[in-house]
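Lettering of chains follows the sequences in order, A, B, ..., and the numbering in each one begins at 1. Basis for what follows: all heavy atoms, side chains included, without hydrogens, waters or symmetry-related copies.
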There are 2 protein chains.
Amino acid sequence: MSNDITYDAVRTDFIEKTGLITQAEGLPRIAGRVFGMLIFDGEVVSFGDLATKLQVSRASISTSIRILEERGLVKRVTKPGERQDFFQLAPNPYATMLERIHKRNRSIQADIAETIRSLPANSEALGRLNAHANFYASLDAAVAVALSELDTSRNTSAMLQPTAPKDYADDA
Amino acid sequence: MSNDITYDAVRTDFIEKTGLITQAEGLPRIAGRVFGMLIFDGEVVSFGDLATKLQVSRASISTSIRILEERGLVKRVTKPGERQDFFQLAPNPYATMLERIHKRNRSIQADIAETIRSLPANSEALGRLNAHANFYASLDAAVAVALSELDTSRNTSAMLQPTAPKDYADDA
DNA sequence: CGTTTTGTTCAGTCAAAACTAAACAAACTT
DNA sequence: AAGTTTGTTTAGTTTTGACTGAACAAAACG
């Protein structure tokens, strides 16, 4: 097929962009590329293939996978008769990401509340600190809404599972 | 007053925590401390005081302020008869922060949509990419909700301005 | 005018983090 | 058993970015 080149370009582009996005979220770029590759390809991907196709060292794959596993975004699986480890997206990675944000937000809110509690009741700063707390509270509420929305459409989560193997050309 | 020491400790603690939080959001730590100091102290603070009280170089204050101004979180003001520049919180910094997130989200969504558009209609990856897009869409919708909530309570935004000491109830 | 104050810019230092190669350990193969 | 394959860990390199001091330009002061 002549448009395989285009297809691969789109794929590589998506993977690179995902790497940049997650980098801005505080993840190493390679971890983001692994995540992007798993989203795009869907299939279960072997450790070796990750290193080869992304053209990075096995050590980088190892640490990236560790981070992604810790965050609950990726699952390690094995295949009978195969010695390598394989990886796929965790069941609902997006909900997991939101949970994480949620948790962090609540931690921040607790810190601010602690600050407020430690101040004298007539402190001039209370108004601004309450506004500050309110910001994180409403942000948190919004995340909770998004989370419930994601759960609602979880029937759609079947989309996330790896499906029939298809042969993409030999990446870029 | 004997509890002045405690008050300063609470203040310093809040400022440092704010520095750490904003650092995780991709801002330099000092910028976060400046932001935290303006929240806590509320008053208009001079350039020199920022450097002195935060114990950092004037160069750092300069770049931090530049970043905070670019993001619309801080406003530079002058005082008649005073040579120094002074700084205070921008009118509604929290809404501005949410706007920024909103903008970024939409940019990401556009990228993903572009990827989807570039793929053949029967591509096996479409399902997962749609789920990916959906994640950012619902996150974005949630942010929009939080934004409108903030706007709703904008009567409260008077709290953000440096005013006469008023005592808001001390909820937590 | 020269001097001082003030904020920005530039060059350089330092620290943190990403990434790699190499050493390693564990499991499999023969 | 010896030798492979596979993933992790460690040591080292490189890059990135925060921060500082010094040079600088502009304005105010004397």
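- Note: CD (B:Glu69) to C1' (C:dG7) measures 11 Å, nearest angstrom.
- Look at CZ on B:Arg66: it is 11 Å from P on D:dA18, rounded to the nearest Å.
- Note: A:Tyr94 and B:Tyr136 fail the aromatic proximity criterion, with ring centroids not under 6.0 Å apart.
- Phosphate proximity of C:dT8 to B:Arg76: present, with a side-chain N or O under 4.0 Å from OP1 or OP2.
- Within the structure, every side-chain polar atom (N or O) of B:Ser62 is placed at least 4.0 Å from both OP1 and OP2 of C:dG7.
- An OP1 or OP2 oxygen of C:dT20 is reached within less than 4.0 angstrom by a side-chain nitrogen or oxygen of A:Ser57.
- In this entry the distance linking CD of B:Gln23 with P of D:dA18 reads 9 Å, nearest Å.
- A:Ile30 comes within 4.0 angstrom of the backbone, heavy atoms only, and of no base.
- Between B:Arg11 and B:Asp41, at least one side-chain N (NZ, or NE/NH1/NH2) sits under 4.0 Å from a carboxylate O, which counts as a salt bridge.
- The pair B:Arg104-A:Glu25 meets the salt-bridge criterion, with a side-chain N (NZ, NE, NH1 or NH2) lying under 4.0 Å from an Asp/Glu carboxylate O.
- Each of A:Ala59 and A:Gly81 lies near DNA chain C, and the nucleotide nearest A:Ala59 is the one positioned closer to the 5' end.
- Proximity note for B:Arg83 (side chain, C-beta onward) versus D:dT6, D:dA28, D:dC19: the nearest is D:dA28.
- Formation of a donor-acceptor pair under 3.5 Å by the A:Ser62 side chain with backbone atoms of A:Arg58 is not found in this model.
- The separation between A:Phe47 atom CZ and C:dA27 atom C1' is 15 Å, rounded to whole Å.
- When rounded to the nearest whole Å, the span between NZ of A:Lys79 and C1' of D:dT6 equals 16 Å.
- Residue A:Arg29 contributes atom CZ, which lies 21 Å from atom P of C:dA16 at whole-angstrom precision.
- Taking atom CD of residue B:Gln84 and atom C1' of nucleotide D:dA26, one finds them 16 Å apart after rounding to whole Å.
- Considering only the side chain of A:Arg58, D:dT8 comes nearest among D:dC19, D:dT8, C:dT9.
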